[in-house]
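Working notes for the structure below.
Chain letters run A, B, ... following the sequence lines, proteins first and then strands; every chain starts at 1. Given the structure is predicted, the values throughout are model-derived calculations rather than measurements.
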Amino acid sequence: MRVDVPHAWPADEAEALALQARLRPLADDRGPGPAAPRLVAGLDVAYAGDGRGVGDLVAAAVVVVDTATLGVVERATATATTTFPYIPGLFAFRELPALVEALRGLTVTPDLLLCDGHGRSHPRRFGLACHLGVLTGLPTAGVAKTPFVGRHVPAALGPDRGDHADLVDGGDGGAGGAGGGEVVGRALRTQAGVKPVHVSTGHLIDLPTACAHVLALAPRYRLPETTRQADRLSRDVLRAAAG
DNA sequence: GCGACAG
DNA sequence: ATCTTGTCGC
């Protein structure tokens with residue numbers, strides 16, 4: 001598929017922050033988004049070296065899954081060298097170049113992109129998933145393994161598969177009932193008795209819809225099949241490219 | 001000033 | 001993210 005990056009890539013933190021401010025208004029929070037996406041793509045990046053600095057070899061992978069069968073429809077990968085360090089809140093500038101290159105190798109256009117990281121649950125409401133949505137013009141959502149911005153009330157999250165609790169940022173001590181605050185995502189239990197994943201919207205989809213798709217893609221494991229497949233593929237490619 | 005901090 | 005031993009459980 002075609003993906004344009006119509007601007008110079010940030011060279012430092014200040015430029016990255018400025019770009020986020022410029023692109024943030026372009027992220028569309030309106031839903032509902034795709035009600036029954038046929039093709040959902042999972043994206044992930046594997047690192048060699050310490051994984052935090054510049055000059056590290058990385059491998060990006062995109063795996064498109066057919067939601068009707070959960071079977072793999074297509075896979076695409078790309079290797080690159082990092083040009084931006086790992087900085088919480090600026091994660092996209094580290095991973096996007098390789099991910100965009102991998103997406104360009106796709107012959108089909110996914111109906112939804114699921115990122116390994118956050119979308120709206122970000123300090124400036126513009127995490128990787130939002131950024132990738134703006135660049136591709138496709139619906140996107142973030143599925144993160146750990147919380148970033150926003151907390152949920154522990155007691156509000158049930159133990160069963162499908163149980164969920166809002167991730168609230170701001171307001172009273174951080175996880176609020178009536179003290180205001182902003183809902184930036186949702187802690188979603190994809191497997192009974194297992195630690196939840198953190199879902200947030202990226203672009204052109206609403207939170208309930210995003211959670212429904214993530215849950216459907218995770219019938220057996222904690223992480224959605226898309227993410228699992230992309231994670232495995234990126235590691236395989238990195239291993240083949242490095243050692 | 002200090003701690004926290006997606007992958 | 002990546003580096004790793006052992007351990008519990010299906």
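One interatomic measurement links the two molecules: NE2 of A:H118 to P of B:dG7, which rounds to 6 Å at whole-angstrom precision. For the pair A:D169 CG and B:dC5 C1', the interatomic distance rounds to 13 Å; values are reported in whole Å. Taking atom CZ of residue A:R52 and atom C1' of nucleotide C:dA1, one finds them 7 Å apart after rounding to whole Å. Per the geometry, CZ belonging to A:R220 stands 13 Å off P belonging to C:dC10, to the nearest Å. Rounded to an integer number of Å, the gap from A:K145 NZ to B:dA6 P is 11 Å. For A:Y47 and C:dA1, the OH to C1' distance is 7 Å, given to the nearest whole Å. Protein atom CZ of A:R124 is 13 Å distant from nucleotide atom P of B:dA6, rounded to whole Å. Atom pair A:L223:CG and B:dA6:C1' shows a separation of 14 Å (rounding to whole Å applied).
Here A:P123 lies out of heavy-atom contact (under 4.0 Å) with every strand. Looking at heavy-atom distances under 4.0 Å, A:L128 makes contact with a base. Within the nucleic acid shown, A:H198 has no heavy atom closer than 4.0 Å to any nucleic acid atom. When heavy atoms are screened at a 4.0 angstrom cut-off, A:A46 is found touching the sugar-phosphate backbone but no base atom. Among the protein residues, A:G142 comes within range of no part of the nucleic acid, since none of its heavy atoms lies under 4.0 Å from any strand. Contact annotation for A:D44: backbone-only contact, meaning every heavy-atom pair under 4.0 Å involves sugar-phosphate atoms and none involves a base. Counting non-hydrogen atoms under 4.0 angstrom, A:L99 reaches nothing in the nucleic acid.
In this structure, A:R228 forms a cation-pi arrangement with A:Y221, its terminal cationic atom sitting closer than 6.0 Å to the ring centre and no more than 45° off the ring axis.
Between A:F148 and B:dA6, a base-stacking contact is recorded: ring centres under 5.5 Å apart, planes less than 30° from parallel. Stacking is found between A:Y86 and the pyrimidine-like six-membered ring of the B:dG7 base under the 5.5 Å centre-distance and 30° plane-angle cut-offs.
In this model, no donor atom of one side chain and acceptor atom of the other lie less than 3.5 Å apart for A:R222 and A:Q191.
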Task: Test log, rule side chain to side chain contact (heavy atoms under 4.5 Å, CB included), inputs A:V108 and A:V64 - done: CA-CA 9 Å; A:V108 297; A:V64 181; 4.2 Å; yes
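Within the 4.0 Å cut-off from OP1 or OP2 of C:dT2, at least one side-chain nitrogen or oxygen of A:R235 is found. For B:dA6, the OP1/OP2 oxygens have no side-chain nitrogen or oxygen of A:S121 closer than 4.0 Å.
Under the 6.0 Å cut-off for aromatic ring centres, A:W9 and A:F84 do not qualify, their centroids lying 6.0 Å or more apart.
Between A:F148 and A:H122, the ring planes lie perpendicular to each other; the angle is over 60°, past the 30° to 60° tilted range.
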